[in-house]
Amino acid sequence: MSALEQQLEAFRQQVTSVDSEADLQQLKVAFLGKKGSVSQLRRQMGKMKPEERKAFGAAFNRCKNQIESELEDRRKHLDQQARLRDLERTEDLTMPPTRPRFGTLHPITRTRRELLATFRRLGFDVAEGPHIEHEAYNFDALNFQPEHPARDEQDTFFVRGQHGEEGSGIVLRTHTSPVQIRSMLTRQPPIRVVAPGTVFRRDDDPTHSPMFHQIEGLYVDRDVSMADLKATLLQFTSAFFGTGLDIRLRPSFFPFVEPGAEFDMQCPFCRGDGCNVCKTTGWIELGGSGMVHPAVFESVGIDPEEYTGWAFGFGIDRMAMLLHGIPDLRLMFDGDVRFLEQFPC
Ligand code: DAH
């Protein structure tokens with residue numbers, strides 16, 4: 001009997017200093033486990049007389065139950081303490097939760113996606129090309145003569161080679177037009193693609209950035225005409241800016257098209273009346289375009305007697321500025337969240 005009481009006493013001394021679930025479990029094993037000190041005492045029962053055994057059995061069970069219930073009390077106590085510690089850490093449970101901050105799509109990304117959606121609806125595929133491009137694709141195959149000023153170091157970032165080593169240089173592409181070459185080398189007419197992407201030029205002022213974005217369009221098939229070009233551009237501007245805005249083509253020169261034209265759209269703000277966005281002209285210059293030059297077809301192995309085609313290219317950044325009324329190109333690339341947050345998705 002007194003052995004049981006001693007064990008209970010010993011247990012009580014230890015249980016009050018236990019402060020983790022794992023230690024509590026260990027203590028339980030030490031007393032009540034198969035080889036635990038209380039369980040050991042049970043063996044003595046074998047040598048006892050029947051009445052003694054009965055009384056010991058009852059006392060043993062009481063002791064065991066007592067230990068179990070005190071273990072449980074201790075566990076509850078530990079739980080409660082842990083909860084209180086949590087409460088101390090949380091300063092004010094009535095405070096509203098901090099909301100997660102969601103990012104927004106950059107206005108250029110949004111504009112690019114909208115442009116692509118519009119051209120997809122018109123039946124165009126999307127093509128892409130590398131930022132680091134062969135000079136042969138960026139210039140030569142596009143019919144730029146070796147002495148063409150656009151190749152000059154003032155405009156072009158050369159990665160390898162220099163102006164003069166015709167065809168062998170590697171450049172940061174100065175426009176998306178090399179994707180025309182890549183598309184014509186990998187596809188068979190009819191070809192109808194648009195190619196959006198980043199381009200690079202050694203330019204840096206309020207209206208020019210050394211890195212900007214363009215979108216290129218190309219259509220090659222039998223009997224493609226300048227009328228198709230104008231109709232497609234008009235379809236595009238109406239889908240994008242709404243109907244009722246006229247477009248116009250002005251003769252211009254680009255080595256890879258003949259005839260070449262710049263295309264303008266009536267200003268979507270004043271609808272042609274003249275305002276400060278269009279510098280009172282009523283027109284907004286969008287980009288360049290024209291009929292694919294026979295020399296370009298020859299450079300990619302397409303027969304210019306059999307096929308004709310048109311191409312266009314314009315700046316995505318300017319389009320985004322127009323759409324959202326953004327006054328300075330540099331805002332687009334500063335990464336200032338105060339600016340970006342103004343374009344919630
Ligand atoms: N690549 C020209 C540029 O960056 C733009 C351009 C003009 C693209 C005429 C065309 C085009 O496809 O036909 O200035």
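Every number for a ligand or one of its atoms is a count from 1 in the order of the listing.
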Is ligand 1 less than 4.0 angstrom away from at least one heavy atom of E262?
no
Residues, nucleotides or ligands: over 12 heavy atoms within 6.0 Å of I132 CD1:
no
Would you find a donor on one side and an acceptor on the other, under 3.5 Å apart, between the side chain of R222 and the backbone of Y307?
no
Give yes if a backbone or side-chain nitrogen or oxygen of G217 is under 3.5 Å from a nitrogen or oxygen of ligand 1, and no if not.
no
In terms of ring plane angle, is the pair F119 and F236 parallel, tilted or perpendicular, where the classes change at 30° and 60°?
parallel
Closest protein heavy atom (residue, atom, distance) for atom 14 (O) of ligand 1:
R201 NH2, 3.7 Å
Should G290 be listed as contacting ligand 1, given a heavy-atom distance under 4.0 Å as the test?
yes
What atoms of ligand 1 come within less than 4.0 Å of a heavy atom belonging to F254?
7 (C), 9 (C)
Among A311, P178, S177, closest by any non-hydrogen atom to atom 13 (O) of ligand 1:
A311
Looking at Q180, which atoms of ligand 1 are within less than 4.0 Å of one of its heavy atoms?
12 (O)
So, taking the atom named CG in L116 and the one named OG1 in T118, what distance separates them when rounded to the nearest 0.5 Å?
8.5 Å
Relative to the heavy atoms of Q214, which atoms of ligand 1 are at a distance of less than 4.0 Å?
3 (C), 4 (O)
Side-chain donor-acceptor pair present, Q25, E21, cut-off under 3.5 Å
no
Would you say V296 ends up clustered with V179 if hydrophobic residues are merged whenever their side chains have heavy atoms under 4.5 Å apart, either directly or through other cluster members?
no
In this structure, atom 5 (C) of ligand 1 is nearest to the protein heavy atom G313 O, 4.2 Å
Any heavy atom of S289 closer to ligand 1 than 4.0 angstrom?
yes
Heavy atom of the protein closest to atom 11 (C) of ligand 1 (residue, atom name, distance)
F256 CE1, 3.4 Å
So for ligand 1, is F312 a polar contact partner (N or O within less than 3.5 Å, distance only)?
yes
With no hydrogens and no angle check, is any side-chain donor or acceptor of N138 less than 3.5 Å from a backbone partner on T174?
yes
Indicate, with yes or no, if the rings of F256 and H148 have centres closer together than 6.0 Å.
no
Under 3.5 Å between some N or O of ligand 1 and some N or O of T174?
no
Is the centre of the F157 ring less than 6.0 Å from the centre of the F200 ring?
no
Evaluate the side-chain proximity of C270 to V277: yes if any heavy-atom separation is below 4.5 Å, no if none is.
no
So is F314 touching ligand 1 or not, going by heavy atoms under 4.0 Å?
no
Quick one: look up the protein heavy atom nearest atom 12 (O) of ligand 1 and list residue, atom name and how far away it is.
E216 OE2, 2.6 Å
